[in-house]
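The block underneath contains the structure these notes are about, expressed in structure tokens.
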Amino acid sequence: MTQHAAFITALSGPELTADEAAALRAIRPCGVILFGRNVVEPDQVRRLTDAVRNAVASDHLMLLIDQEGGRVQRLKPPYWRALPPGSQYAALYTQDAARAVEAAELVARLMAADLREVGINTDCTPVLDLPVSGSHAIIGDRAFGETPGQVVALAGAVARGMIAGAVLPVIKHIPGHGRATKDSHLDLPVVDTSRAELTVTDFAPFAALAHVPAAMTAHVVFSALDPATPASTSAFVTSEIIRGAIGYDGLLMSDDLGMQALQGTVTERAKAVFAAGSDLALLCSGDLAETEAVAAVAPALTGKALERLERASAVFRQQPVHFDKAEAEQALAEICKARPESV
């Protein structure tokens, strides 16, 4: 396997510029993440992902997107299907839990097929966060429920469907963003819940799905764990909670370095992520100067981190398992029509 720098970067627009292509060839990041600014229509996305692959020339390269459904969907109508948010899966679960789990896996197969068609092999989904009363709406209807068991059942089905479709799922936001009362894109959330309570609530879905080979951290301070530092840049939270108590040994990436929950320059933020013990830093700005700045401090991926990338990329280096598309379309329709039971 050829060497990669331990970060994921982004692009400025719908076409790969000559400067970006040269930077990707020189830097060889582990991945490139796409956003709405990179998406026009299917043929264009396929050309873009092909160009990125040609520049980096690695069968381990992650081409990522946030394609959850609902508010967080980068590939949108009219060229791509409208996808339901997590709350719709939860609504069906209240009516028929077994069917909801089955349907979630089928819809994930559809999503994976759509992504592979345009050259995307990694999806930053499913969300494992547990919202609570009074928490910020940044998670809200993205969640699959408010109890660990329900979230594990539905999110686990989504992860299985993605993997069967040869798309790498990324569980998020470990060790939990559901209690945050602020949006970490804009501010630093602080959660004051005890470690004992966090263990049986927020951490539980991540522990149950610790076998999923990639995860994204949360820019959230847990005062009972490390009152001074967000989880994503906390060596204690990474080693003692994520790797320790939760037992997660998959590929661990930060949430976006550009989010305002973090302090300092983008270079300082990247250094903090690496020092805390994450395998990869995630940079979503699409700014070439920032990409080069992070590349200058990103280590080469070696040792355990390299092993984790190899395990994770094995998901998309396989061939998808055959599935019944008509059956999956029917499952999608059922989820979209489900309504929460009146309380």
Check whether [X] reaches the backbone of [Y] with its side chain - one donor and one acceptor, N or O, closer than 3.5 Å.
X	Y	answer
Glu334	Ala103	no
Glu197	Ser194	no
Asn38	Gly13	yes
Asp279	Leu252	yes
Glu268	Thr265	yes
Ser223	Val191	yes
Gln88	Ile335	yes
Tyr248	Ile174	no
Arg109	Arg160	no
Gln95	Arg339	yes

Going by distance alone, is a donor N or O of one side chain under 3.5 Å from an acceptor N or O of the other, for [X] and [Y]?
X	Y	answer
Arg317	Ser313	yes
Thr291	Thr9	yes
Ser285	Glu290	yes
His4	Ser58	yes
Asp141	Ser87	no

Candidate pair Asp256 and Lys172, rule salt bridge (charged side-chain N to carboxylate O under 4.0 Å, His left out), full reasoning: CA-CA 12 Å; Asp256 179 21; Lys172 60 189 186 184; over 6 Å; no
Mind checking whether [X] and [Y] sit in one hydrophobic cluster, side chains of I, L, V, M, F, W, Y counted as touching below 4.5 Å?
X	Y	result
Val297	Leu301	no
Phe323	Tyr89	yes
Leu128	Val72	no
Val132	Ile138	no
Val40	Leu11	no

List the atom of [X], the atom of [Y], and the distance in Å for their closest heavy-atom pair.
X	Y	result
Phe144	Ala155	CD1-CB, 4.0 Å
Pro230	Leu262	CG-CD2, 4.1 Å
Arg37	Ser12	CD-O, 3.4 Å
Ala328	Val107	O-CG2, 4.3 Å
Thr217	His173	O-CB, 4.0 Å
Leu168	Phe316	CB-CD2, 4.0 Å

Show your working on side chain to side chain contact (heavy atoms under 4.5 Å, CB included) between Arg179 and Asp202 and close with a plain yes or no. CA-CA 8 Å; Arg179 292 180 186 273; Asp202 299 49; 2.7 Å; yes
Is the shortest side-chain heavy-atom distance between [X] and [Y] below 4.5 Å?
X	Y	answer
Val45	Trp80	yes
Asp123	Ile65	yes
Ile120	Thr49	yes
Leu198	Phe222	yes
Arg195	Ile241	yes
Cys30	Phe7	no
Arg81	Glu329	yes
Pro205	Leu130	yes

I'd like to know whether Lys325 forms a side chain to side chain contact (heavy atoms under 4.5 Å, CB included) with Leu110, so could you lay out the CA-CA distance, the side-chain angles of the two residues, the decisive distance to 0.1 Å, and finally the verdict. CA-CA 7 Å; Lys325 189 173 181 181; Leu110 275 181; 3.8 Å; yes
When you look at Leu48 and Leu34, which way does the side chain to side chain contact (heavy atoms under 4.5 Å, CB included) test go after all the steps? CA-CA 10 Å; Leu48 179 59; Leu34 302 187; 4.0 Å; yes
Go through Thr125 and Met162 one step at a time and tell me if the side chain to side chain contact (heavy atoms under 4.5 Å, CB included) criterion holds. CA-CA 9 Å; Thr125 196; Met162 284 285 166; 4.1 Å; yes
Measure the [atom1]-[atom2] distance between [X] and [Y] for me, rounded to the nearest 0.5 Å.
X	Y	atom1	atom2	value
Arg116	Asp114	CZ	CG	12.5 Å
Asp255	Ser278	CG	OG	10.5 Å
Arg47	Glu15	CZ	CD	5.5 Å
Asp249	Ile246	CG	CD1	13.0 Å
Lys271	Thr233	NZ	OG1	14.5 Å
Ile8	Leu280	CD1	CG	5.0 Å

Has Tyr79 got more than 12 heavy atoms of other residues, nucleotides or ligands less than 6.0 Å from its OH? no
Are more than 12 heavy atoms, taken from residues, nucleotides or ligands other than Glu117, located less than 6.0 Å from that residue's CD atom? no
Give the intermediate values and the outcome of salt bridge (charged side-chain N to carboxylate O under 4.0 Å, His left out) for residues Glu102 and Arg99. CA-CA 5 Å; Glu102 181 182 38; Arg99 177 54 180 162; 2.8 Å; yes
Apply the salt bridge (Lys or Arg N to Asp or Glu O under 4.0 Å) test between Asp66 and each candidate in Arg142, Lys76, Arg74, Arg71; give the one that qualifies.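 Exactly one candidate clears the test, Arg74.
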